[in-house]
Participant: 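This is the structure I want to talk about, given as structure tokens.
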Amino acid sequence: GAGVSQTPSNKVTEKGKYVELRCDPISGHTALYWYRQSLGQGPEFLIYFQGTGAADDSGLPNDRFFAVRPEGSVSTLKIQRTERGDSAVYLCASSSGQQETQYFGPGTRLLVL
Amino acid sequence: DQQVKQNSPSLSVQEGRISILNCDYTNSMFDYFLWYKKYPAEGPTFLISISSIKDKNEDGRFTVFLNKSAKHLSLHIVPSQPGDSAVYFCAAKNTGGFKTIFGAGTRLFVKA
């Protein structure tokens, strides 16, 4: 079956612009995670959804970052007023439950010029 | 504050030999540990895990060892194959929580 997909695969934007990154989880997976991976680092937790609600958003770096999952499936990570330091690979993962194995998408590589 | 540390950025091993990747953690609340493998331009893929009630878990060529008193775990790959060349991430979590904390990764090169 289909795995986790993320679009776009690459995004180049200018400082100050708004971007949206999309994640399509594995069908039926109730848990969805967003991570950010900077160069030379491991994935850094941003937010966790159980169903439609954000159960833990403590990893979001500041209020420019926001994520939604309105129907409990697709999720969108939104970044306002992008800064050069936001440049990273944004990874999405889903699982069938909080304690279950997370399956990662290929990521969206964001470059803020 | 890095709660999960992988102090070796890279490791080179001859095909057929054993690869040993190490990981240390600082948070004593962690009770579940995972290893992920990542190829370029792909997301991390789950490899093997271990609960803190065990000190060893084996799956084919992959074995993870956990030393709770030392807050140390290691991944052994034997025999190593060229297709094992990838970045390996150690990760940890508290089974009652949501967050999984990843190390910075170790890049493994298996030479044919």
Side-chain angles (χ1 to χ4, degrees), chain A residues 2-10 21 23-26 29-51 53-61 67 69 88-109, chain B residues 1-10 21-27 30-53 57 59 62 64 73 75 86-108:
Chain A
V4 178
S5 63
Q6 293 186 246
T7 55
S9 53
N10 292 280
L21 311 179
C23 173
D24 282 82
I26 292 172
H29 278 190
T30 57
L32 186 146
Y33 304 78
W34 281 99
Y35 294 86
R36 178 170 69 177
Q37 185 177 10
S38 301
L39 196 61
Q41 300 298 316
E44 174 191 7
F45 171 85
L46 294 178
I47 187 169
Y48 161 68
F49 286 91
Q50 179 57 45
D56 185 344
D57 65 356
S58 62
L60 295 178
R69 194 185 185 200
V89 175
Y90 289 82
L91 293 162
C92 175
S94 71
S95 67
S96 58
Q98 178 188 333
Q99 304 303 335
E100 303 304 317
T101 299
Q102 294 181 34
Y103 295 87
F104 282 82
T108 293
R109 186 175 299 275
Chain B
D1 175 33
Q2 278 189 294
Q3 298 185 68
V4 178
K5 299 178 185 178
Q6 294 178 257
N7 292 320
S8 297
S10 66
L21 296 98
N22 293 302
C23 177
D24 297 289
Y25 61 97
T26 57
N27 190 336
F30 291 147
D31 58 6
Y32 193 70
F33 305 89
L34 311 96
W35 285 93
Y36 282 82
K37 176 179 178 179
K38 185 182 183 304
Y39 292 118
E42 295 183 10
T45 303
F46 170 75
L47 194 55
I48 192 169
S49 63
I50 188 167
S51 164
S52 61
I53 62 173
N57 189 26
D59 183 2
F62 303 90
V64 55
L73 62 154
L75 175 68
V87 177
Y88 290 78
F89 292 104
C90 171
K93 64 179 295 187
N94 179 304
T95 50
F98 307 120
K99 287 185 185 179
T100 301
I101 307 298
F102 285 78
T106 296
R107 185 177 297 275
L108 174 65

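Note: hydrogens, waters and symmetry copies are ignored here, and every other heavy atom, side chains too, is used. Below, chains carry the letters A, B, ... as their sequence lines are ordered, and counting in each starts from 1.
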Participant: Measuring from B:Glu42:CD to A:Leu91:CG, what's the distance to the nearest 0.5 Å?
Facilitator: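 Going from CD on B:Glu42 over to CG on A:Leu91, the span is 12.0 Å.
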
Participant: Taking only residues two or more places apart in sequence or in another chain, which ones pass side-chain contact (heavy atoms from CB on, under 4.5 Å) with A:Glu44?
Facilitator: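 So A:Glu44 forms a side-chain contact (heavy atoms from CB on, under 4.5 Å) with A:Arg36.
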
Participant: Look at B:Ala91, B:Gly43, B:Gly103 and state which one has the largest set of heavy-atom pairs under 4.5 Å with chain A.
Facilitator: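 Top count of heavy-atom pairs under 4.5 Å with chain A: B:Gly43.
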
Participant: Report which part of A:Gln102 has an atom under 4.5 Å of a heavy atom belonging to chain B: side chain, backbone, both, or neither.
Facilitator: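 Contact with chain B: backbone and side chain both.
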
Participant: Run the ring pair (Phe, Tyr, Trp, His ring centres under 6.0 Å) test on B:Phe102 and A:Tyr35 for me, step by step, so that the C-alpha distance in whole Å, both residues' side-chain angles and the decisive distance to 0.1 Å come before the verdict.
Facilitator: CA-CA 10 Å; B:Phe102 285 78; A:Tyr35 294 86; 5.5 Å; yes

Participant: Might you point out which heavy atoms bring B:Thr100 and A:Phe45 nearest each other, and give the distance in Å?
Facilitator: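 Heavy-atom minimum between the residues: O-CB, 4.2 Å.
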
Participant: Nearest 0.5 angstrom please: B:Phe89 CZ to A:Gln41 CD, how far?
Facilitator: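 CD of A:Gln41 is found 9.0 Å from CZ of B:Phe89.
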
Participant: So for B:Tyr36, is it side chain, backbone, both, or neither that comes closer than 4.5 Å to the heavy atoms of chain A?
Facilitator: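 The side chain, not the backbone.
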
Participant: For chain B, which candidate among A:Gly107, A:Ala55, A:Ala31, A:Gly59 shows the most heavy-atom pairs at distances under 4.5 Å?
Facilitator: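 Of A:Gly107, A:Ala55, A:Ala31, A:Gly59, A:Ala55 has the most heavy-atom pairs under 4.5 Å with chain B.
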
Participant: Quick one: which of A:Ser9, A:Pro106, A:Gly40 has the most heavy-atom pairs under 4.5 Å with chain B, could you say?
Facilitator: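 Going by pairs under 4.5 Å, I would pick A:Pro106.
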
Participant: Can you tell me how far the NZ atom of B:Lys99 sits from the OH atom of A:Tyr33, to the nearest 0.5 Å?
Facilitator: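 If we round to the nearest 0.5 Å, B:Lys99:NZ and A:Tyr33:OH are 12.5 Å apart.
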
Participant: Excluding sequence neighbours, so at least two apart, what forms ring pair (Phe, Tyr, Trp, His ring centres under 6.0 Å) with B:Tyr25?
Facilitator: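 Per chain and number, B:Tyr25 pairs via ring pair (Phe, Tyr, Trp, His ring centres under 6.0 Å) with B:Phe33.
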
Participant: For the OH atom on A:Tyr103, are there more than 12 heavy atoms of other groups (residues, nucleotides or ligands in this structure) within a distance under 6.0 Å?
Facilitator: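 12 or below, so no.
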
